[in-house]
Amino acid sequence: MIKQPISLTTKFTSSFLSKSKHTLFIFQLNFSKKMHSQSSFSARVAPTVQNVPGVSTEEMERVCEQTFQRYNYGGLGKRKGKGVAIVWFRNDLRVLDNEALFRAWVSSEVVLPVYCVDPRLFGATHYFGFPKTGALRAQFIIECLTDLKKNLVKRGLDLLIQHGKPEEIIPSLAKAYKAHTVYAHKETCSEEVNVEKLVTRNLQGNEPRSITTTKLELVWGSTMYHMDDLPFDCESLPDVYTQFRKSVESKSKVRNCIRLPASLGPPPEKVGDWGHVPQVTELGLQQEKVSKGMKFIGGESAALGRVHDYFWKKDLLKVYKETRNGMLGPDYSTKFSPWLASGSLSPRFIYEEVKRYEKERQSNDSTYWVLFELIWRDYFRFLSIKLGNLLFQAGGPQKVNINWSQDQTMFYAWRQGQTGYPLIDANMKELAATGFMSNRGRQIVCSFLVRDMGIDWRMGAEWFETCLLDYDPCSNYGNWTYGAGVGNDPREDRYFSIPKQAQNYDPEGEFVAYWLPELRALPREKRHSPGMMYLNPIVGLKHGYTKKTGDSKTGFSSRRGKPEGNRQKRYGDGRTY
Ligand SMILES: Cc1cc2nc3c(=O)[nH]c(=O)nc-3n(C[C@H](O)[C@H](O)[C@H](O)COP(=O)(O)OP(=O)(O)OC[C@H]3O[C@@H](n4cnc5c(N)ncnc54)[C@H](O)[C@@H]3O)c2cc1C
Ligand SMILES: Nc1ncnc2c1ncn2[C@@H]1O[C@H](COP(=O)(O)OP(=O)(O)OP(=O)(O)O)[C@@H](O)[C@H]1O
């Protein structure tokens, strides 16, 4: 197994990119040009890059200020603490509803906010050695840090940025500033939990045993429902999502957002150098520019701007349930996930905004459904506590023994978007170009990788870990174990039939034509089954084309063979989606 990081652009030997294939590409280009000039080409062409949120910087700033004012905390008298407290920022890059920041402020006279640029986050993924953080997510996090620094400065603080391991930086700062407490948000997966343990250990090593040492206080704040308010311990978390949801909905309440005073200062006097927000290149990555599709803007101001844009300005919350399975453009779903994953947006804030919308505008299935989806997110977070490292292992929580393939040629075709299936290829190209893929797309490419190609689901999950702006270990590995049939899923076979999905979710072929422009020249009904003018399918489908798409079950040349037989046996002829 490869453990060294490999570049995103590394080329595997790809036998399928044969000479004949290149000839086909040239034919394809000429063919496209011809069709273009004949111009049956009247399709709506989306703008090249769409910023998310789609509001101006001024509007974003205004919305951000107004929101902060609404959430201002009046109880200034509460600050009774002494000395210095440190806030160690991790995946909670926000000011609003940040309990670690609030508790540091209340318990001290001086707050020191710190972020550690941990080199391990820019190393390699666990099994397959892909870059742990791709350039687009790195850029997003950089924007989050810039915005956090700005919002802290506005409140009389600043953000100290240091490069290195938190277990070295935090204890040494605690010692230098004689901090009584370090406040941070609790994480749940083993990599992050190990860092917490090391920070605690090294803080205790700061002083002789007789003298009070700096404490690490870990605060819960990543979910909509607080862990302490669950009607069960995480160890006895229901295995089935619906049971979890019904139980928390009936027995738990979402806590109010934490309010913060307008001024949080002063910061410690003796910080001479606050450090700087790094450039992508300082993290050992090459700058990547989004030149097509959605460009997500990192930071809390942009997150609040997106909530404003989606809920209040475009008034889309009321139709979310009908549009959420779309694939093209910023507005079929909320797009909150990148900000949720970096913690620049609080799920409790979204909850309060949904409630406000329901009061001021309307309440319907769609307004509820955003909360329903956020409960999925909570579920995977709590499940990660129950499962521990089982979440990352091939057999998953069910400990299923499947003889997965790790065929590099097939995997390369999948990740590059060169499988010969436009729906797969378009989704994978979107992921590489923007760091985002719709939920529908993620389910389809996951099913294709594990069920049609028979490839080890962890390769897919690690590739998502590299690329996704919203990468979150719990939601990512949780969803992948579901998709691979090794998770806690009461549905046996989550096979997604590509022709059926294409018909239901991209009937006009607009999505595939956007990401694979060579297909735009084709009549709409041919865009998902382009035949000779597109790449040959790399593998046969387990469940073939339906009659409606006009192709027979084996309507492609499957010269590259089928996935391994044992997979066919395991999944049988289950339900298709
Ligand atoms: C294979 C696979 C991998 C995934 N990896 C991630 C990941 O690393 N990080 C991540 O945040 N989501 C992940 N998801 C879940 C989901 O696809 C994204 O949360 C969603 O597409 C984000 O877009 P949105 O914010 O517009 O979602 P919306 O449809 O607007 O939903 C609102 C919010 O609900 C939550 N949510 C929705 N669906 C899910 C779900 N299935 N699981 C958990 N939370 C959900 C998200 O926080 C999302 O922002 C994955 C799904 C699959 C099938
Ligand atoms: N936040 C995270 N993101 C991605 N992967 C994680 C995260 N937290 C833990 N993991 C992965 O889970 C692994 C632990 O799983 P496992 O029990 O297989 O570890 P291991 O014993 O080191 O594995 P192996 O012996 O197979 O190398 C971690 O080493 C890590 O790569």
Side-chain angles (χ1 to χ4, degrees), residues 1 3 52 90-91 120-121 123-130 132-133 137 187-195 222-224 241 294 296 303 306-307 310-311 316-317 320-321 323-327 329-342 345 347 350-351 354 366 369-381 383-384 387-396 427 431 435-450 457-458 460-484 487 494 496:
M1 258 171 232
K3 282 264 183 176
V52 188
R90 308 176 80 192
N91 295 316
R120 288 166 296 202
L121 291 183
T125 58
H126 185 62
Y127 291 108
F128 303 100
F130 305 139
K132 185 118 180 112
T133 304
R137 185 163 77 251
E187 289 286 346
T188 56
C189 294
S190 60
E191 282 177 5
E192 292 80 0
V193 171
N194 285 339
V195 177
S222 55
T223 49
M224 188 165 77
Y241 168 72
M294 288 177 282
F296 285 78
R306 176 60 185 172
V307 177
Y310 187 84
F311 281 17
L316 291 169
L317 180 55
Y320 167 75
K321 192 164 180 242
T323 59
R324 59 177 283 273
N325 276 308
M327 288 189 285
D331 290 340
Y332 59 82
S333 67
T334 68
K335 305 295 182 303
F336 293 160
S337 57
W339 295 288
L340 282 164
S342 55
L345 181 61
I350 302 173
Y351 177 86
V354 168
S366 282
W369 215 260
V370 169
L371 304 179
F372 176 98
E373 295 299 338
L374 285 171
I375 301 176
W376 265 112
R377 181 176 171 277
D378 278 15
Y379 171 68
F380 283 127
R381 172 62 63 158
L383 192 63
S384 73
L387 298 181
N389 281 337
L390 277 181
L391 183 62
F392 303 100
Q393 287 160 8
N427 271 294
L431 177 65
F436 191 84
M437 190 193 289
S438 67
N439 184 54
R440 180 59 39 189
R442 295 181 203 203
Q443 294 180 87
I444 296 169
V445 301
C446 165
S447 164
F448 180 77
L449 184 83
V450 302
W457 66 270
R458 294 169 306 167
E462 287 196 7
W463 185 243
F464 270 33
E465 180 173 346
T466 301
C467 298
L468 282 175
L469 296 179
D470 64 25
Y471 169 66
D472 162 61
C474 314
S475 287
N476 188 53
Y477 285 85
N479 275 291
W480 272 96
T481 57
Y482 261 62
R494 285 184 156 251
F496 283 71

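Being a predicted model, the structure only gives us computed values, none of them experimental. Both ligands and their constituent atoms are indexed starting at 1 by order of listing.
Looking at V370 against ligand 1, nothing comes within 4.0 Å, counting heavy atoms. Only side-chain heavy atoms of Q393 come within less than 4.0 Å of ligand 2; its backbone N, CA, C and O stay farther off. Of all the heavy atoms of R377, the ones lying under 4.0 Å from any atom of ligand 1 are found in both the backbone and the side chain.
Counting protein heavy atoms only, atom 41 (N) of ligand 1 is closest to N479 OD1, 3.2 Å. Nearest protein heavy-atom neighbour of atom 1 (C) of ligand 1: W480 NE1, 3.5 Å. Of all protein heavy atoms, the one lying nearest to atom 16 (C) of ligand 1 is N439 OD1, 3.4 Å. Closest to atom 49 (O) of ligand 1, if we only count protein heavy atoms, is S337 N, 3.3 Å. The shortest contact between atom 37 (C) of ligand 1 and any protein heavy atom is with E373 OE1, 3.5 Å.
Close approach of ligand 1 to L374 is summarised as follows: ligand atoms under 4.0 Å from at least one heavy atom of the residue are 33 (C), 34 (O), 47 (O). Within ligand 1, the atoms closer than 4.0 Å to a non-hydrogen atom of F380 are 42 (N), 43 (C), numbered from 1 in the order shown. Close approach of ligand 1 to L340 (heavy-atom distance below 4.0 Å) involves ligand atoms 47 (O), 49 (O). The contact set between ligand 1 and T334, taken as ligand atoms under 4.0 Å from a residue heavy atom, comprises 24 (P), 25 (O), 26 (O), 28 (P), 30 (O), 32 (C). Annotation for ligand 1: atoms under 4.0 Å from non-hydrogen atoms of F436 are 23 (O). Below 4.0 Å from some heavy atom of Q443 lie the following atoms of ligand 1, by number and element: 53 (C). Within ligand 1, the atoms closer than 4.0 Å to a non-hydrogen atom of L468 are 5 (N), 7 (C), 8 (O), numbered from 1 in the order shown. Residue-ligand proximity, Y471 to ligand 1, at heavy-atom distances under 4.0 Å covers atoms 8 (O). Those atoms of ligand 2 with a heavy atom of E465 less than 4.0 angstrom away are 3 (N), 4 (C). In summary, the atoms of ligand 2 found under 4.0 Å from a heavy atom of P473, numbered by their order in the structure, are 1 (N), 2 (C), 3 (N).
Between K132 and ligand 2 there is a heavy-atom distance shorter than 4.0 Å. Residue Y482 places no heavy atom under 4.0 Å from ligand 1. In this structure, D472 is part of the shell of residues with a heavy atom less than 4.0 angstrom from ligand 1.
The backbone N or O of L468 sits less than 3.5 Å from a side-chain atom of R137, completing a donor-acceptor pair. Remark: side-chain polar atoms of R90 are paired, donor with acceptor, to backbone N or O of E192 under 3.5 angstrom. Between the side chain of N476 and the backbone N or O of A461 there is at least one donor-acceptor pair closer than 3.5 Å. Under the 3.5 Å distance criterion, the side-chain polar atoms of S447 are left unmatched by any main-chain donor or acceptor of Q443. For the pair D378 (side chain) and M224 (backbone), a donor-acceptor distance under 3.5 Å is present. Here the side chain of E462 pairs a donor or acceptor atom with the backbone of Y127 at under 3.5 angstrom. The backbone N or O of P338 lies less than 3.5 Å from a partner atom in the side chain of S342, making a donor-acceptor pair. The closest donor-acceptor contact from the side chain of W457 to the backbone of A394 lies under 3.5 Å. Of the possible donor and acceptor atoms, one in the side chain of R442 sits under 3.5 Å from a partner among the backbone N and O of M437.
For atom 14 (C) of ligand 2, the nearest non-hydrogen atom from the set D472, T188, N389 comes from N389. In the candidate list N476, V52, D470, D470 is nearest to atom 9 (N) of ligand 1, counting heavy atoms. Among E191, R458, E462, the residue whose heavy atom sits closest to atom 8 (N) of ligand 2 is E191. Closest to atom 13 (C) of ligand 1 by heavy atom, among K321, R442, M437, K335, is R442. The heavy atom nearest to atom 12 (N) of ligand 1, considering only G441, S475, A461, P330, is found in S475. Atom 31 (O) of ligand 1 has its nearest heavy-atom neighbour, among Y320, F496, Y332, W369, in Y320.
Using a 4.5 Å heavy-atom threshold, the side chains of I375 and F380 count as separate. At least one side-chain heavy atom of R494 sits less than 4.5 Å from a side-chain heavy atom of Y482. Under the 4.5 Å side-chain criterion, counting only non-hydrogen atoms from C-beta, Y320 is not in contact with Y332.
Close N/O approach between S333 and ligand 1 is found [any backbone or side-chain N/O within under 3.5 Å]. Inclusion of Y127 in the set of residues having an N or O under 3.5 Å from an N or O of ligand 2 is warranted.
Under 3.5 Å, the side chains of S337 and K335 contain no donor-acceptor pair of N or O atoms. Residues N91 and E187 bring a donor and an acceptor atom of their side chains to less than 3.5 Å of each other.
Taking the six-membered ring for Trp and thresholds of 30 and 60 degrees, Y241 and F372 have ring planes more than 60 degrees apart, a perpendicular arrangement.
Scanning for ring pair (Phe, Tyr, Trp, His ring centres under 6.0 Å) contacts around F448 gives Y421, with sequence neighbours left out.
The ring of W463 has its center no closer than 6.0 angstrom to the ring center of F128.
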